[in-house]
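Since the structure comes first, as structure tokens, the remarks are kept for the end.
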Amino acid sequence: MIWEAILNDTISIAVLPGDGIGPEVMVPALAVLHHAAKLYGFNVAALEHPAGAGNYRDHGSALPQSTIDAVAEADATLLAAMGLPDVRYADNTEIVPQIDLREIFGLYGGIRPIRAWLPDAVPLKDPRAADIDFVLVRESTEGLFVGRGKEQTDGDRAVRDIMEVTRETSEKLFHFSFRLAQQRRKHLTLVDKANVLGSMAFFRRIFDEVAEHYPDVTTERAYVDAMAMWMVQRPWDFDVMVTENMFGDILSDLAAGLVGGLGLAPSGDIGDDCAIFQPSHGTAPDIMGQGIANPNAMILSAALMLDWLGRKREDDRMVKAGACIEAAVQAALRSGKALTGDLGGSASTFDAGEAVIVEMKV
Ligand code: ATP
């Protein structure tokens, strides 16, 4: 009984700090996470595991089996950033174990919440820009990324990549997106290129089938090129949008640019039972080691993780802790105390993390 109570009260988190600014932004994110747990009465058992380009260089493996096992066993994983410009595999490809993890664990639902945390950082002039609040769901295991490392080469004449859309993953992705829309403003936009590509017409057909199960959610269908324009012209109109892997990769950076850049863009990669949360930014080698990286995207990723865990375990404490962190980030940014160099301020990574903790209240 006692063990059961302790387990119910404890979330086990696999922590993968990775490379570059990864370990720097992970420190404040863990401090915020532990503080949230203390405020809302649960425990966090966070254990660090090696992965990334530095680990490949020093120990020969970018993603040790022991780390894969730890991710499998943990309730959720926090990952900072991985990859270094001067460390590559022997065939000169980039070291991106975060993509391998998505494939190993079938993390098809890549969520990228985009919100105007700091209205001053939004480059759009329209006053409605302060209301930007949407979630981009990026399919993260197939689409155009499926051909990664498997391209068909015809000598020096041509190289072909593959685009793959499967019914099984698409159905899961759309059910996931509709359920997410139900938790929000109940509007879901499909982004595709169904007018040109057969795989995308198939994607849309499956979307239409799944939509029939969710009559309470209104739907819209958009071609990706038009969506790139609408995201700049009227981003406040969108609630949840769902798209293919490569389109999502591109649109999520555009979306991050709408609200102040990658330092304010958290993300989660979610599968049926496993989920990994990480900032949308990379390892930022140009600023690593200086203690000036913006930790807010990493902190907001920890908040997303708590929300996901709380809903999965039906534990309101974690959902509330996630919301508390989000409110604190917003307050710390708007007070000016969490403004790092990328946001026009001079706060250090440490100062920004501390400013968030100061704002956290039950
Ligand atoms: P990747 O291919 O891993 O996404 P990248 O070089 O394309 O890497 P980032 O590493 O995210 O992208 O860096 C892009 C730019 O944004 C760099 O100038 C970097 O310094 C800046 N940047 C990224 N994340 C942060 C952050 N958390 N704080 C401040 N600046 C950041």
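Atoms within a ligand are numbered from 1 in the order they appear, just like the ligands themselves. In this text the structure is predicted, and so the values were computed from the model without any measurement.
Among residues two or more places apart in sequence or in another chain, the ring-ring contact (aromatic ring centres under 6.0 Å, His included) test is passed with Tyr214 by His175, Phe178.
For an aromatic pair to be called close, the ring centres must be under 6.0 Å apart, and Phe203 with Phe174 satisfies this.
The aromatic rings of Tyr56 and Tyr89 sit perpendicular to each other, their planes meeting at more than 60°, with 30° as the lower class boundary.
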Kindly print each ligand 1 N/O atom paired with any protein N/O atom under 3.5 angstrom away, one pair per line, or none if nothing qualifies.
residue, atom, partner, partner atom, Å
ligand 1, 10 (O), Thr283, N, 3.3
ligand 1, 10 (O), Ala284, N, 2.8
ligand 1, 11 (O), Gly282, N, 2.6
ligand 1, 18 (O), Asp286, OD2, 2.8
ligand 1, 20 (O), Asp286, OD1, 2.8
ligand 1, 20 (O), Asp286, OD2, 3.0
ligand 1, 27 (N), His281, NE2, 3.3
ligand 1, 27 (N), Asn294, O, 3.0
ligand 1, 28 (N), Asn294, N, 2.9

Steps toward side-chain contact (heavy atoms from CB on, under 4.5 Å) verdict (Glu139, Val165) = CA-CA 10 Å; Glu139 196 293 311; Val165 170; over 6 Å; no

task = Step by step, work out the side-chain contact (heavy atoms from CB on, under 4.5 Å) result for Glu244 and Val224.
result = CA-CA 10 Å; Glu244 179 273 334; Val224 63; over 6 Å; no

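Nearest heavy-atom pair across Gly147 and Asp161 is O-OD1, 4.3 Å.
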